[in-house]
Amino acid sequence: MMTTKTAVEPVDPVREERTGKVREVGSQAIWSLSSCKPGFGVDQLRDDCMDTYWQSDGQLPHLVNIQFRRKTTVHDICIFTDYKLDESYTPSRISIRAGTNFNDLQEVEVIDLNEPTGWVLIPIKDIHEKPIRTFMIQIAVISNHQNGRDTHMRQIKIHSPMEFRGIGIEEFGNYVTVACQQYSCIR
Amino acid sequence: MQALQMQKQSSEGLMALLRELGTAYLHLSQFNCRKAIDCLNNLPPQHYSTGWVLSLLGKAYYELTDYQQAVRYFSEVREREPYRLQLMELYSTALWQLQKEVTLSTLAQDLVAQDRLSPAAWCATGNCFSLQKEHDTAIKFFQRAVQVDPTFVYAYTLLGHEYVTTEELDKAMSCFRSAVRIDARHYNAWYGIGTIYSKQERYLLAEIHFKRALSINTQSSVLLCHIGVVQHALQKTEKALQTLNNAIANDPKNPLCKFHRASIYFAAGRHAEALKELEELKEIVPKESLVYYLTGKVHKKLGNTHLALMHFSWATDLDPKGANSQIKEAIDPALNHSQAEEDTSTTHPGEDYPSEGSSAPQHESSQEGAEFVSMRDESDESL
């Protein structure tokens, strides 16, 4: 299933997490890269610091593989890139693939970026407009700005929708008022 | 001789006081909260206004799910005896339930500044971050509470709840089991194990563990509510309704018992009873979007499309953050339905509006009318 999107407005993933609708699940996954320059690898991609980045060191497409320990519902992926700082290292076309392992990945989303400066939010939906459940996500950089070979990515966050707080309300959603929420669970 | 008599009198007085305090403590440990409150209220004022008594009162109200009152007593304790750390973790949880971010953050900072080796302080900090939805950080702090005092049961329970939120159910299970190992009467941990099983849809095991928790804390309407929901999931509908009736009798202020009862009536096809329940709920929690959503669903099932649409639109209005996308999905098919109904129902809108107006949430009725008219206009155009 392939949809192509043009430049998406920058968002703030931390604000999204604060609403309590999604939570970051990258820490529950195993990250690997197709290639990286020493000192510019997975740690720099997941350190919550926008000054450090991943720099690839191989052939296109550059891959970020995220393997979860169990099937996880993925709501969206947030990627921080900055054209002003990285210029020809900034990805311009990113493909998101999902599956159970390296051998059966299927493309779920393709996104075109046009000089992004900040967070790019890529919602991940299946044909029924629901978040997908998957064991593995692969973020592939297909091409860079100005036809650069290697790519820089400063931060990646994966969001999963929050489970319902309280019992027996899956078909309804979450309570909105504190008056109801305080009775919804014992802590 | 006089001195001996005085000594005897004072020791009798002391014994009497200790007996009263002991009775109150016994009642509270057995979760007879109201009796405990009565006992404690009967104490002479110089003993009543001590940190120990006031914090026990706070705990009693906390166990009655009356978090507002609990917070009142605990804050008084903080004022009178700011060095007191016992039961402050319950204060932090009460603030968590009431979602008072600022107060909780202040409490956590004060407690940690006072004693870095107190598990209650780290529990409060963990609760603070959990309220901010930073669950990984909360887990860190609850782990620290466990480190600081491995015999502090509540830290394990809180850690377990956080793991449930981050869906690490195996870790959560081991936390709850540790809690129960340390204190088998810690009903919160039994409840926690129940929630794990109910998330895994193993409702029989969930019911067993919720009932175990209930056997310890017999007056908790929240537990009864959970048991009712789980029984309904196990198709024991009559039992579920009975359990929920118990819960409502126990604590009429708990809106969720009525909500779950209404949803069970709806699932069982008892629409009139469901609607009655929901009408009462509209008075109790007028701003709760889910009440209107469920009412809308009942009306949709009954074929009252206009009423359904009205309630769905109220539900959406009350849910500005769009936390519940189900509502939007429910509106679309109802809208298509109304196109077919257009020809048959001519007088319905006019009749229904005045009667429903009284139970509307704080809205201008003209705004409602305008919204509804615009929806009808859309359906006209598509014809």
Side-chain angles (χ1 to χ4, degrees), chain A residues 12-29 46-48 68-76 123 125 128-131 133-135 157-187, chain B residues 65 67 93 96-99 127 132-136 157-158 161 164-168 187-188 191-192 195 198-199 206 213 217 220-223 225-226 228-230 232-233 251 253-257 259-260 263 284-285 287-291 293-294 297 318-319 321-327:
Chain A
D12 185 6
V14 179
R15 202 180 54 203
E16 253 206 287
E17 288 161 32
R18 287 267 162 84
T19 64
K21 287 183 350 187
V22 290
R23 63 190 175 86
E24 216 273 314
V25 291
S27 52
Q28 293 174 4
R46 294 285 303 160
D47 62 3
D48 256 330
F68 297 103
R69 289 188 210 117
R70 53 176 177 271
K71 212 167 189 183
T72 311
T73 320
V74 176
H75 181 266
D76 61 67
K125 292 200 166 67
H128 301 292
E129 300 294 312
K130 292 253 154 58
R133 283 180 59 76
T134 177
F135 275 104
K157 286 188 190 276
I158 310 257
H159 286 137
S160 179
M162 281 284 265
E163 283 280 300
F164 295 107
R165 187 171 135 182
I167 197 175
I169 47 170
E170 291 79 18
E171 48 177 305
F172 305 125
N174 272 317
Y175 298 111
V176 165
T177 53
V178 179
C180 283
Q181 281 166 356
Q182 63 178 328
Y183 285 101
S184 67
C185 69
I186 290 182
R187 193 163 167 87
Chain B
T65 334
Y67 298 118
T93 308
W96 182 93
Q97 293 276 25
L98 292 172
Q99 303 188 22
N127 269 332
Q132 301 288 338
K133 315 276 184 235
E134 293 187 40
H135 298 287
D136 292 322
T157 312
L158 288 172
H161 286 306
V164 169
T165 315
T166 56
E167 293 185 54
E168 293 171 272
Y187 77 98
N188 314 53
Y191 163 85
T195 58
S198 79
K199 274 195 188 280
N217 181 353
S220 167
S221 61
V222 179
L223 278 176
C225 228
H226 277 72
V229 170
V230 161
H232 176 61
D251 186 2
K253 286 199 279 179
N254 185 341
L256 297 195
C257 309
F259 183 80
H260 285 304
S263 96
I284 304 175
V285 277
K287 300 252 174 90
E288 178 52 62
S289 144
L290 288 198
V291 171
Y293 179 58
L294 183 55
K297 282 190 87 162
L318 285 169
D319 182 14
K321 296 189 206 156
N324 299 316
S325 52
Q326 283 99 323
I327 305 177

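If you're wondering where the values come from, they're calculated on a predicted model, not measured in any experiment. Sequence lines set the chain letters: A, B, ... in the order given, protein chains first and strands last, and positions in each chain run from 1. All values below were derived from every heavy atom in this structure, side-chain atoms included, with hydrogens, water molecules and symmetry-related copies excluded.
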Donor-acceptor side-chain pairing of B/Y67 and A/Q182 below 3.5 angstrom
no

Decide whether B/N188 and B/T157 meet the rule of one side-chain donor and one side-chain acceptor closer than 3.5 Å.
no

So what's closer than 4.5 Å to chain A heavy atoms on [X]: side chain, backbone, both or neither?
X      : value
B/H260 : side chain
B/H232 : neither
B/S220 : side chain
B/T93  : side chain

Per-residue tally against chain A (heavy atom, under 4.5 Å) across B/E168, B/E134, B/K199 peaks at B/E168

Find the one option among B/D136, B/N127, B/T166 whose heavy-atom pairs under 4.5 Å with chain A are most numerous.
B/T166

What part of [X] is in contact with chain B, defined as an atom under 4.5 angstrom from a non-hydrogen atom: side chain, backbone, both or neither?
X      : answer
A/R23  : side chain
A/E129 : neither
A/Q181 : both

What is the distance from atom NE2 of B/H226 to atom SG of B/C257, rounded to the nearest 0.5 Å?
10.5 Å

Can you label the angle between the B/Y191 ring and the B/H161 ring as parallel, tilted or perpendicular, going by 30° and 60°?
tilted

Is the backbone N or O of A/C185 less than 3.5 Å from a side-chain atom of B/Q97, with the two atoms forming a donor-acceptor pair by type?
yes

Could I get the full list of salt bridge (Lys or Arg N to Asp or Glu O under 4.0 Å) partners for A/E16, not counting sequence neighbours?
none

Show me the donor-acceptor pairs within less than 3.5 Å that the side chains of residues 68-75 of chain A make with the rest of the protein, sequence neighbours left out.
| from | atom 1 | to | atom 2 | distance (Å) |
| --- | --- | --- | --- | --- |
| A/R70 | NH2 | B/E167 | O | 2.6 |
| A/T72 | OG1 | A/R70 | O | 2.8 |
| A/T73 | OG1 | A/R133 | NH1 | 3.2 |

